[in-house]
Amino acid sequence: MSINLEQLMQTQQALAKQVKCDDDFNASINYVGGTDVGFEDNGKITRAAIVILRYPTFEVVEYHIARVETGFPYIPGYLSFREYPALLAAWQQVTQKPDLLFVDGQGVAHPRRLGIASHLGLLLDMPTIGVAKKRLCGQYEILPKQAGNVTPLQDKQEQIGWVLCSKNNCNPLFISTGHRVSQDSALNWVNLCLRGYRLPEPTRWADAIASNKPLFKKFIYAE
DNA sequence: GCGACAG
DNA sequence: ATCTTGTCGC
């Protein structure tokens with residue numbers, strides 16, 4: 001089996017046309033979700049974590065981890081094809097579906113406007129926000145690492161997202177609309193979910209769960 | 001042609 | 001992403 005990138009590119013372009021960048025979700029958010037993906041056995045196994053938090057208290061309501069065989073390599077610009085199968089498996093286990101889902105990776109801040117947050121948003125028909133730790137494409141003005149600083153991420157006269165300094169002395173986050181959320185709301189909701197750490201709570205918990213970090217171990221022990 | 005390139 | 005200790009700075 002070989003990979004036909006030409007074919008996948010066309011698939012992305014077709015899907016990108018279906019992405020909605022306007023607010024289309026209940027104004028009252030009661031549950032927010034976060035996702036993160038990790039790998040095991042030299043990448044043979046893809047491990048996806050999904051966590052649901054109550055908003056605005058950020059208590060963990062439930063979390064799930066799904067492991068599936070990795071069926072696609074990592075190719076910049078095609079990350080979603082590698083990670084979405086495991087994310088869908090984890091999603092099936094979710095009882096309390098969130099009102100908003102924070103996805104690790106780009107939303108429309110992607111060469112063809114279909115980062116994993118947008119792709120997953122379409123597959124789940126859920127409002128999603130892309131929260132990436134690195135830039136994939138687009139240009140922006142370098143900002144002092146002072147919490148609160150924010151500048152547009154632009155690609156060819158078009159704003160594809162935001163570069164946000166979420167915490168002092170930390171590298172910025174790359175925020176972009178995934179699906180059914182406006183760029184302004186994406187930035188707004190990330191800010192509303194920040195609690196003194198670089199990552200917004202849904203992403204921070206998903207990160208801890210997917211990688212079995214101290215925050216998660218402590219949580220398990222307390223349970 | 002060369003470098004850049006989410007996780 | 002992952003393999004990994006200590007270390008520097010806020």
Side-chain angles (χ1 to χ4, degrees), chain A residues 3 5 8-9 12 15-16 19 34-50 65-90 101-123 128-140 142-149 153-156 160-179 186 190 194 196-200 202-204 206-214 216:
Chain A
I3 297 161
L5 284 188
L8 291 178
M9 182 184 291
Q12 290 184 324
L15 288 174
V19 172
T35 75
D36 192 26
V37 174
F39 295 89
E40 302 173 4
D41 293 312
N42 286 317
K44 288 182 175 5
I45 300 295
T46 301
R47 174 186 354 95
I50 288 188
I65 297 174
R67 284 167 224 270
V68 306
E69 275 193 46
T70 305
F72 200 85
Y74 168 63
I75 302 173
Y78 298 88
L79 173 70
S80 61
F81 294 100
R82 176 175 170 82
E83 304 193 340
Y84 84 71
L87 285 167
L88 291 183
L101 188 60
F102 289 62
V103 180
D104 63 306
Q106 315 292 348
V108 299
H110 175 281
R112 289 166 296 284
R113 309 296 181 259
L114 194 81
I116 188 167
S118 299
H119 197 161
L120 190 63
L122 278 175
L123 293 174
T128 57
I129 295 174
V131 180
K133 302 176 195 70
K134 291 179 180 176
R135 181 203 75 115
L136 173 61
C137 68
Q139 300 76 232
Y140 63 100
I142 301 297
L143 301 172
K145 293 182 175 180
Q146 181 181 358
N149 284 350
L153 177 60
Q154 314 196 138
D155 192 23
K156 310 251 180 182
I160 58 177
W162 305 95
V163 180
L164 171 69
C165 292
S166 52
K167 183 183 177 181
N168 287 342
N169 306 310
C170 286
N171 291 323
L173 295 180
F174 297 81
I175 311 301
S176 62
T177 299
H179 182 48
V190 167
L194 285 176
Y197 296 93
R198 180 162 90 117
L199 301 175
T203 308
R204 189 168 76 97
D207 208 48
I209 294 168
S211 304
N212 197 33
K213 289 180 176 172
F216 182 53

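Treat the numbers as computed from the prediction; the structure is a model and nothing was measured.
- The phosphate of B/dC5 has OP1 or OP2 within less than 4.0 Å of a side-chain N or O from A/Arg135.
- Place A/Glu83 and A/Asn168 on DNA chain C by their nearest nucleotides, and A/Glu83 ends up nearer the 5' end.
- Ring geometry for A/Phe72 versus A/Phe81: interplanar angle of 30 to 60°, hence tilted.
- Under the 4.5 Å side-chain criterion, counting only non-hydrogen atoms from C-beta, A/Ile50 is not in contact with A/Asp36.
- Across all strands shown, A/Asp104 has heavy atoms under 4.0 Å from sugar-phosphate atoms exclusively, and none from any base.
- Heavy atoms of A/Gln106 sit under 4.0 angstrom from at least one base atom.
- At a threshold of 4.0 angstrom between heavy atoms, the contacts of A/Tyr74 include nucleobase atoms, whether or not backbone atoms are also involved.
- Nucleotide B/dA6 holds its P atom 14 Å from the OH atom of A/Tyr78, rounded to whole Å.
- Taking atom CG of A/Leu87 as the reference point, atom P of C/dA1 lies 14 Å away to the nearest angstrom.
- Separating the CG atom of A/Leu136 from the P atom of C/dA1 is a distance of 15 Å, rounded to the nearest angstrom.
- Contacts of A/Ile75 with the nucleic acid, taken as non-hydrogen atoms under 4.0 Å apart, are absent.
- Counting to the nearest Å, the C1' atom of B/dG7 and the CZ atom of A/Arg47 are 12 Å from each other.
- Following rounding to the nearest Å, A/Tyr140 (OH) and B/dA4 (P) show an atom-to-atom distance of 14 Å.
- A heavy-atom distance below 4.5 Å is not found between the side chains of A/Phe39 and A/Lys44.
- Looking only at side-chain heavy atoms (C-beta outward), A/Arg198 and A/Lys133 come within less than 4.5 Å of each other.
- Side-chain contact between A/Thr35 and A/Val37 is absent, with no heavy atoms from C-beta onward closer than 4.5 Å.
- Minimum atom distance to the side chain of A/Asn169 is reached by C/dC10, of the listed C/dT2, C/dC10, B/dG7.
- When the P atom of B/dA6 is taken as reference, atom NZ of A/Lys134 falls 6 Å away, rounded to whole Å.
- At a threshold of 4.0 angstrom between heavy atoms, the contacts of A/Phe72 with the nucleic acid are absent.
- A straight line from CG of A/Leu173 to P of B/dG7 spans 10 Å, rounded to a whole angstrom.
- Among the atoms of the strands shown, base atoms are found under 4.0 Å from some heavy atom of A/Gly115.
- When the P atom of B/dA6 is taken as reference, atom NZ of A/Lys133 falls 12 Å away, rounded to whole Å.
- A/Gly77 comes within contact range of at least one nucleobase, with a heavy-atom separation under 4.0 Å.
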